[in-house]
Amino acid sequence: MGRRHNALNLVLLSFCIAALCCADASAASMPVAPGVNLIAGAFVPGQQPDGNSVLIRAPHGLIVIDTGRHIQHTQQIIDFARQANLPIEAIINSHWHLDHIGGNSRIRALYPGVQIYASDALTGAMDGFLARYKKYLEGVIEKSPHDPNTQASRDELAIIDNAPSASPTEVVTKSGNRAIAGYPLVLHLESNSVTAGDVWVFDPATRVLIAGDLVTLPVPFLDTACPARWGIALGDLNNTNFKIIIPGHGPPMHRREFNRYRHAYDGLLACSHSTRSKNECIDGWLDDAGSLIPDKDRSYAKSMLDSYMDTSLRANPANIAKLCAE
Ligand SMILES: [Zn+2]
């Protein structure tokens, strides 16, 4: 089986594991700083996850950073906007994974003027990873067309089919200051880190940094990543004067917790390049991450890393080089 299939299986596997790991995660909106709220990405047993969404009150309306995957998640964003009596003016997508762009088209249907800021990496993914995933989903549905359990696959397919309306209206091609919905933010573009184009956001007024999947727990989600460049991107986050950093999956962190995450990431990478055994590398991650991973998630973290060691960290270097290429 080729790397592409492995990668696809891995996404599915890791998401299924994640689905089990965080079933009790709260999806309620949570204030992070004045004018900044988090809708935590929920993991429902047997379903794929939603990424975190961050909502920023701006002079012209609401800015939404990542829109989730499932309708229930996106509905919370829409409900928040309605309760706050604010139109959704802008979406910023940290990256193209479906748990971060899934709500774009739903929001756009309600707010047709919404501006969507993202890198152009979705285009490449539509021809590559998502084309293969679409084929896989169609196969699942074709096998059991009347099985109600295929609804999740149909929902996934709908997100991919709606991708044109989820695509950016403003392509982020470089890092820099932007006034979005009348609110000053700094957008940073990382190439070939978690995906071919990752955008992270710094809010200078509150010093909140929204990292997208450059920070994920209980492990780094390496499915489409260039591991080495991801490490470099963590250095870029570190060089920013943030007070709070919001991961793509997992609760907000302060500087000390981020330092711990970064140290654990660097350790994992170094271990994967050494002659140490896979289990030593996995245990090293769990030790280094320590309290960042609650006890109940540790065995799932172990299973996920077990896969990622084979399919990413110690995969065929030629395959990883493709993900790292400029
Ligand atoms: Zn994600």
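In each ligand, atom 1 is the first atom listed, and ligand 1 is the first ligand listed. Quick caveat, the model's predicted, so the values are computed rather than measured.
Taking 4.0 Å as the cut-off between side-chain N and carboxylate O, K278 and D310 count as a salt-bridged pair.
Ring-plane geometry between W200 and H188 is classed as parallel, the angle between the planes falling under 30 degrees on a 0 to 90 degree scale with a further cut at 60.
The nearest N/O/S atom of D213 to the Zn ion (ligand 1) is OD2. Distances from the Zn ion (ligand 1) to the N/O/S atoms of H100 are shortest for NE2.
The CD1 atom of I160 lies 11.5 Å from the CG atom of D155; values are rounded to the nearest 0.5 Å. How far CD1 of I232 is from OG of S191: 11.5 Å, rounded to the nearest 0.5 Å.
For a distance bound of 2.8 Å, the N, O or S atoms of H95 include none lying that close to the Zn ion (ligand 1).
Rounding to 10 degrees, one finds that the Zn ion (ligand 1) sits at the corner of an angle of 80° between H249 NE2 and D99 OD2.
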